[in-house]
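Being a predicted model, the structure only gives us computed values, none of them experimental. Values below: every heavy atom of this structure, side chains too, minus hydrogens, waters and symmetry copies.
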Amino acid sequence: MTHTDDAIRLALLHEHQHLCHDDFDSNDMNDAQYRAFLAPLSRAELIAETDTDDTYTLDEYMSHWL
């Protein structure tokens with residue numbers, strides 16, 4: 001399945017929100033800061049941020065976080 005860069009950004013944001021909610025640290029980026037961090041990333045960099053591989057695929061990641 002093909003995912004747009006914006007969809008990957010949104011999934012990454014959802015994951016970030018979940019992780020921050022479960023284990024908040026005052027050094028964590030807020031939503032606006034994290035969006036700004038993701039905005040300039042290339043497709044390859046976005047996919048690298050998902051930490052997916054042959055075992056946990058991008059499709060699985062996207063179905064979990066979107």
Side-chain angles (χ1 to χ4, degrees):
M1 179 177 241
T2 302
H3 305 284
T4 66
D5 292 357
D6 286 339
I8 297 170
R9 284 184 182 91
L10 184 58
L12 284 163
L13 178 63
H14 289 165
E15 179 188 29
H16 176 76
Q17 290 169 332
H18 175 78
L19 295 173
C20 289
H21 178 268
D22 284 355
D23 190 22
F24 179 75
D25 180 330
S26 61
N27 294 321
D28 289 339
M29 290 183 260
N30 64 33
D31 287 358
Q33 291 168 324
Y34 194 64
R35 284 178 201 254
F37 166 76
L38 295 174
L41 297 184
S42 69
R43 181 174 187 77
E45 291 168 324
L46 289 169
I47 292 171
E49 283 293 311
T50 67
D51 202 27
T52 55
D53 55 24
D54 292 339
T55 304
Y56 182 55
T57 67
L58 182 60
D59 286 340
E60 291 172 315
Y61 178 89
M62 296 300 286
S63 68
H64 186 95
W65 293 110
L66 273 186

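- Annotation: the span from R43 atom CZ to E45 atom CD amounts to 12.5 Å, rounded to 0.5 Å.
- With L58 as the partner, the side-chain contact (heavy atoms from CB on, under 4.5 Å) test is satisfied by one option alone out of T2, T50, L46: T50.
- The line from CG of D53 to CG of D51 is 7.0 Å long, rounded to the nearest 0.5 Å.
- We find the NE2-CG distance between H14 and L66 to be 7.0 Å, quoted to the nearest 0.5 Å.
- Separating the CZ atom in F37 from the CD atom in E49 is a distance of 4.0 Å, to the nearest 0.5 Å.
- Residues H3 and D59 have side chains that bring a donor and an acceptor to within less than 3.5 angstrom of each other.
- In this structure, R35 and L13 approach most closely via the heavy-atom pair NH2-CD2, 3.1 Å.
- Scanning all heavy atoms of the two residues, the minimum distance from Y61 to Y56 falls at CA-OH, 3.3 Å.
- Between Q33 and D28, the closest heavy-atom pair is OE1-O, 4.2 Å.
- Aromatic ring orientation, H16 versus Y34: parallel (interplanar angle below 30°, classes split at 30° and 60°).
- To the nearest 0.5 Å, atom CG of residue L12 and atom CE of residue M62 are 8.0 Å apart.
- Remark: D6 engages T4, R9 in a side-chain contact (heavy atoms from CB on, under 4.5 Å) (not counting sequence neighbours).
- The shortest non-hydrogen separation linking T55 to E60 is O-OE1, 3.3 Å.
- Annotation for M29 and C20: closest pair O-SG, 4.3 Å, computed over non-hydrogen atoms.
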